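Labels below follow one simple rule: chain letters A, B, ... track the order of the sequence lines, proteins then strands, and each chain is numbered from 1. Keep in mind that this is a model prediction, so the values were computed, not measured.
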2 protein chains.
Amino acid sequence: MGIPERKEREREHRREEILNAAQRVFFEKGLQPATMDEIAEAAELSKGTLYLYYKSKEDLYLGVMIRGIDILHNMLAEATSTDEPTIVKIKNLGDTYYRYFKEHRSFFRMFYFFQNPLFHTQVSEEMMGLCHTGNQKLWKLVIDLIQRGIDEGDIRPDVDPAECSMILWSNSNGIMMRMDTQEEYFKNMLGMDLEKVLQKSMAMLFQSMLRDPAK
Amino acid sequence: MGIPERKEREREHRREEILNAAQRVFFEKGLQPATMDEIAEAAELSKGTLYLYYKSKEDLYLGVMIRGIDILHNMLAEATSTDEPTIVKIKNLGDTYYRYFKEHRSFFRMFYFFQNPLFHTQVSEEMMGLCHTGNQKLWKLVIDLIQRGIDEGDIRPDVDPAECSMILWSNSNGIMMRMDTQEEYFKNMLGMDLEKVLQKSMAMLFQSMLRDPAK
DNA sequence: GTAATAGATGACCGTAAGTCATTAAATAAA
DNA sequence: TTTATTTAATGACTTACGGTCATCTATTAC
């Protein structure tokens with residue numbers, strides 16, 4: 001009796017197809033301007049059908065965002081699976097997040113939203129759970145690596161890995177958000193080259209984590 | 001002929017009244033859920049009248065947000081108009097922003113929005129200009145103070161005041177955003193006390209700015 | 001007292017998310 | 001193979017809300 005299995009596969013496939021369509025429309029128009037009718041048309045389905053597969057527009061949005069989280073996680077995992085010293089890998093994390101920002105800008109922008117609690121009022125428990133899982137995987141990856149740096153003696157033992165991750169994340173994210181929306185503004189108003197600010201600030205933060213600031 | 005003047009005063013007064021109503025409704029319900037009908041009712045006016053005074057819902061939102069910027073600016077200005085040493089004043093900036101976060105949470109949350117470019121599609125040039133002006137005043141206050149710290153010799157001369165402000169802002173803002181939305185989550189998942197993380201990270205950043213890290 | 005102007009109103013419009021009765025297709029039963 | 005049943009898909013419809021505008025009202029000018 002393979003019918004239920006085949007149906008389940010078909011259902012999964014359709015969910016993916018809908019997500020593909022949603023991704024195209026979201027990336028082209030943005031969350032707010034994208035309409036369910038447009039997504040339905042892109043998916044070559046009726047609007048009603050979308051709601052058989054996803055509870056709400058926000059759920060669709062989160063579905064796409066989770067793809068973005070996975071991509072980032074894969075990039076970070078790859079960047080830290082080399083045979084370089086741990087301290088170099090930690091540096092790689094920052095560079096990789098910046099590369100993600102440059103290469104997957106649309107995904108990066110989606111993270112803005114999730115940040116804002118006012119915009120997930122219609123999200124299903126399931127999607128929220130997936131988001132948290134993905135998020136946790138990201139944090140774990142960074143925290144574990146810093147812990148390893150401590151264990152290996154390159155990073156000061158009084159550094160708290162979780163706190164340290166938070167600081168690195170806040171700094172890079174804050175600056176990249178500015179780069180995304182107001183790069184020109186900051187260039188003109190304050191003569192700031194945000195890319196340089198990012199590099200310098202990350203270097204500074206790394207420096208202050210090191211046991212031996214000579215290196 | 002004082003009639004035009006009186007009318008102008010009345011118009012200003014009504015604009016303020018509408019903004020008061022909008023603020024009440026936005027603070028109670030949030031931007032998305034708040035409706036123009038509710039604001040009109042709170043202002044004891046018809047919806048059409050709101051549009052005689054403000055171009056759009058987003059303009060109203062920005063009007064309220066600008067109040068929040070002004071409050072923050074006043075708090076920062078006051079915190080740095082003491083006769084303490086400059087280096088202490090810089091420390092005060094961070095503490096004051098945190099106090100703002102605690103005491104004016106609703107205003108702090110409004111800043112999320114402005115951050116997100118997808119949500120000001122209906123904003124008037126005028127309001128946008130006011131926002132930028134307010135924003136600039138904030139940056140100027142911080143940058144000038146850091147410059148003074150350099151001039152007085154407490155802060156390393158190779159520090160770039162604008163870059164430095166950006167780093168301090170990114171860090172504190174990033175952590176406070178997390179505190180706002182996910183304080184419990186980070187406490188439970190990673191055992192992080194975000195308030196402590198904020199204190200420690202700010203201390204660390206100040207430290208690395210100092211000419212003589214002894215103090 | 002009347003005309004002209006400015007201010008306020010709320011019914012109305014357009015749009016878009018989400019629903020649901022109906023239809024179509026696929027599977028199971030006879 | 002035909003009929004019944006379950007499952008999937010549809011799109012017209014409902015609801016909600018931002019924004020508009022012809023109409024009405026009050027104020028000012030003449």
Side-chain angles (χ1 to χ4, degrees), chain A residues 1-19 21-22 25-26 28-64 113 118-124 126-127, chain B residues 1-19 21-22 25-26 28-64 113 118-124 126-127:
Chain A
M1 222 211 248
I3 287 173
E5 287 78 2
R6 195 205 72 220
K7 287 218 169 182
E8 181 54 29
R9 276 200 311 278
E10 281 173 355
R11 191 178 159 76
E12 266 317 302
H13 182 250
R14 179 135 292 178
R15 270 178 75 93
E16 284 301 306
E17 288 293 307
I18 290 172
L19 218 50
V25 177
F26 282 141
E28 201 178 315
K29 303 222 168 191
L31 168 63
Q32 196 91 304
T35 70
M36 290 301 271
D37 284 295
E38 284 170 322
I39 294 171
E41 201 191 326
E44 295 173 276
L45 288 168
S46 72
K47 184 162 64 160
T49 305
L50 299 189
Y51 286 92
L52 296 176
Y53 290 87
Y54 291 91
K55 271 221 181 91
S56 66
K57 187 182 170 186
E58 284 185 13
D59 250 32
L60 264 177
Y61 187 80
L62 252 65
V64 176
F113 266 84
L118 298 168
F119 282 100
H120 25 88
T121 50
Q122 301 295 108
V123 173
S124 67
E126 186 207 348
M127 275 297 172
Chain B
M1 226 216 245
I3 287 172
E5 288 78 1
R6 194 206 74 220
K7 287 218 168 180
E8 182 53 32
R9 276 200 312 277
E10 281 174 356
R11 190 177 160 77
E12 264 318 300
H13 181 250
R14 179 136 291 177
R15 269 179 76 93
E16 284 301 306
E17 288 294 308
I18 290 173
L19 217 51
V25 178
F26 282 141
E28 200 177 317
K29 303 224 169 189
L31 170 63
Q32 196 91 305
T35 70
M36 288 302 270
D37 284 295
E38 285 171 322
I39 295 172
E41 201 191 326
E44 295 174 275
L45 289 168
S46 72
K47 184 161 64 161
T49 305
L50 299 189
Y51 287 92
L52 296 176
Y53 291 86
Y54 291 91
K55 271 219 180 96
S56 65
K57 187 183 172 187
E58 284 186 12
D59 250 34
L60 264 177
Y61 187 80
L62 251 66
V64 176
F113 266 85
L118 297 168
F119 281 99
H120 26 87
T121 51
Q122 301 296 107
V123 174
S124 68
E126 186 207 348
M127 275 298 174

Close side-chain approach of A/Lys57 and A/Phe26, heavy atoms under 4.5 Å: yes
Over all atoms of both residues, closest heavy-atom pair of A/Pro33 and A/Gly30: CD-O, 3.3 Å
Atom-to-atom span, OH of A/Tyr54 to P of C/dT19 - whole angstrom: 17 Å
Nearest-angstrom distance from the residue atom CD of A/Glu8 to P of C/dT27: 14 Å
Nearest-nucleotide comparison on DNA chain C, the residue closer to the 5′ end among A/Gly48 and A/Asp37: A/Asp37
C/dA17 phosphate, OP1 or OP2, under 4.0 Å from A/Gln122 side-chain N/O: no
base_contact_polar (C/dG18 base, A/Lys47 side chain, donor-acceptor, <3.5 Å): yes
Close side-chain approach of B/Leu19 to B/Tyr53, heavy-atom, < 4.5 Å: no
Candidate nucleotides C/dA17, D/dT10, D/dG18, ranked by approach to the side chain of A/Leu45 - the nearest: D/dT10
Atom-pair distance (CZ on B/Arg6; P on D/dT27), nearest Å: 9 Å
Nucleotide nearest A/Leu52 (side chain, heavy atoms from C-beta), chosen from C/dG10, D/dA9, D/dG19: D/dA9
Phosphate contact (D/dA9 OP1 or OP2) by A/Tyr53 side-chain N/O below 4.0 Å: yes
Side-chain-base donor-acceptor pair under 3.5 Å for A/Lys7 and C/dA26: no
B/Glu10 CD: over 12 foreign heavy atoms closer than 6.0 Å: yes
Out of D/dG19, C/dA17, C/dA8, whichever nucleotide has its closest atom nearest the side chain of A/Thr35: C/dA17
Between P of D/dC17 and CD of B/Glu41, the distance in whole Å: 13 Å
Rounded interatomic separation in angstrom, taking CD1 from A/Ile18 and C1' from D/dT10: 13 Å
Trace of the side chain to side chain contact (heavy atoms under 4.5 Å, CB included) decision for B/Met36 with B/Leu60: CA-CA 10 Å; B/Met36 288 302 270; B/Leu60 264 177; 3.8 Å; yes
Whole angstrom value for the distance that separates P of C/dA25 from CD of A/Glu10: 15 Å
Residue closer to the 5' end of DNA chain C, A/Thr49 versus A/Ala34 (nearest nucleotide): A/Ala34
Spacing of A/Ile39 atom CD1 relative to C/dT15 atom C1', expressed in whole Å: 15 Å
Euclidean distance, atom CZ of residue B/Arg14 to atom P of C/dG7 [Å, nearest integer]: 11 Å
